[in-house]
Amino acid sequence: MVEPEPGAPLGAGRAGLRTEGPAQAGRTAVTAEPVSAMLLFAPAVPFGTSLAGLGGAFALVATVLALSRRAGSVDTYRMVLVGIGLSAVCTAYVNYLFTVAGQHSIAQVMRWLVGSVNDATWEGVSTLAGALAVCGLCTALLDRSLGSMALGDQLALGLGTRVGAARIATLLVGAAAAALATSVTGPTGFVSLISGPIAVRLVGADRSVALAVPIGAVIVLGADVLAQHGPLISPVPTGVLTALLGAPYFVWLTLRRRQGATA
């Protein structure tokens, strides 16, 4: 069973932003905090794991924004550094929880930490279906603001866009999508980071949001099929394949964008 990718719409939205650095900084540690919350609070209630991850992600985004402010505005480079630092703190906390957890719990969590859809349940499907609907609606509402911000903050302000509010809203929606997806499948990396740019290259930034969702699903489906049935490598968690396929593409995309900026 393959889960949808709620973070894909935000990947498409961010792909068109010149201010992608702040958006990515907010997401740098956002999967580490749900891991900490979910390891600490057992899913004893329905959707408890998803709610714990969602609360942890929002808390982390609020902390990143609070520590990144300088002279009344959010400093981009400080946000990147704070996101990386908090990610390291959350990772260290997860490692500490491993030292006090039982062997059976560690074996389960280790496989989940890599990212896998093998243990997907209908409860998880309903969680991600709701997340996809809500995050997709929020992304559609932010689409106009994201489009104007792609032209630069000053021009966006001139067009009447509330840049600060739109940026914070984008971070919160992205954090919610990443946290809910992580709570079900684990941190299956690089899906939204590559589905958005692929959609932009296929249909352009203006129409990429809707296409990013099926692209993300195809990436997860293909990685899961290879992870379960690929020669020489199967069976492995799905996250291993998405990282192996997505990381080289993301590096190539970054180098290509840098070359275009220096040309």
Side-chain angles (χ1 to χ4, degrees), residues 3-28 30-31 54 57-58 60-62 64-65 68 73-74 76 79-80 83 127-182 188 190-220 246 249-250 253-254 256-257 260-261:
E3 307 288 352
E5 175 55 35
L10 267 294
R14 289 170 183 162
L17 288 178
R18 290 182 182 178
T19 54
E20 185 171 339
Q24 287 304 108
R27 189 186 169 112
T28 300
V30 85
T31 54
L54 194 62
F58 283 158
L60 187 66
V61 169
V64 170
L65 290 174
S68 302
S73 61
V74 176
T76 300
M79 177 178 279
V80 172
T127 298
L128 289 189
L132 180 64
V134 174
C135 293
L137 176 61
C138 293
T139 304
L141 295 175
L142 290 168
D143 186 55
R144 184 173 180 179
S145 297
L146 292 172
S148 63
M149 289 167 64
L151 303 175
D153 288 358
Q154 296 301 320
L155 186 54
L157 288 171
L159 293 173
T161 300
R162 300 174 60 186
V163 174
R167 184 168 291 146
I168 292 175
T170 303
L171 284 171
L172 291 176
V173 176
L180 291 172
T182 301
T188 308
F190 291 97
V191 177
S192 64
L193 288 179
I194 62 178
S195 61
I198 290 175
V200 170
R201 291 176 64 85
L202 290 176
V203 298
D206 294 338
R207 295 177 293 175
S208 62
V209 173
L211 185 61
V213 177
I215 289 177
V218 169
I219 291 172
V220 175
Y249 176 79
F250 188 65
L253 188 67
T254 303
R256 185 176 180 275
R257 186 170 297 179

What is the minimum heavy-atom distance between [X] and [Y], and which atoms define it?
{"X": "Ile215", "Y": "Leu202", "result": "CD1-CD1, 3.9 Å"}
{"X": "Ala57", "Y": "Ala175", "result": "CB-O, 3.9 Å"}
{"X": "Ala169", "Y": "Leu142", "result": "CB-CD2, 3.9 Å"}
{"X": "Ser148", "Y": "Ala156", "result": "O-CB, 3.5 Å"}
{"X": "Leu180", "Y": "Ala131", "result": "CD1-CB, 3.4 Å"}

Output the distance between atom [atom1] ([X]) and atom [atom2] ([Y]), rounded to the nearest 0.5 Å.
{"X": "Leu141", "Y": "Leu137", "atom1": "CG", "atom2": "CG", "value": "4.5 Å"}
{"X": "Thr182", "Y": "Leu54", "atom1": "OG1", "atom2": "CG", "value": "11.0 Å"}
{"X": "Leu172", "Y": "Arg167", "atom1": "CG", "atom2": "CZ", "value": "13.5 Å"}

Exercise. Identify, with sequence neighbours excluded, every residue that meets side-chain contact (heavy atoms from CB on, under 4.5 Å) alongside Arg201.
Key: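 side-chain contact (heavy atoms from CB on, under 4.5 Å) list for Arg201, sorted by chain: Tyr249, Trp252, Arg256.
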
Quiz prompt | Results of side-chain contact (heavy atoms from CB on, under 4.5 Å) for Leu65 - residues two or more places apart only | solution =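 With neighbours one apart ignored, the set is Val61, Val74, Met79, Ile168, Leu171.
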
Quiz item: Among all residues two or more places apart in sequence or in another chain, which pass the side chain to side chain donor-acceptor pair (under 3.5 Å) test with Ser68?
Solution: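 By the side chain to side chain donor-acceptor pair (under 3.5 Å) rule, Ser68 matches no residue at all.
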
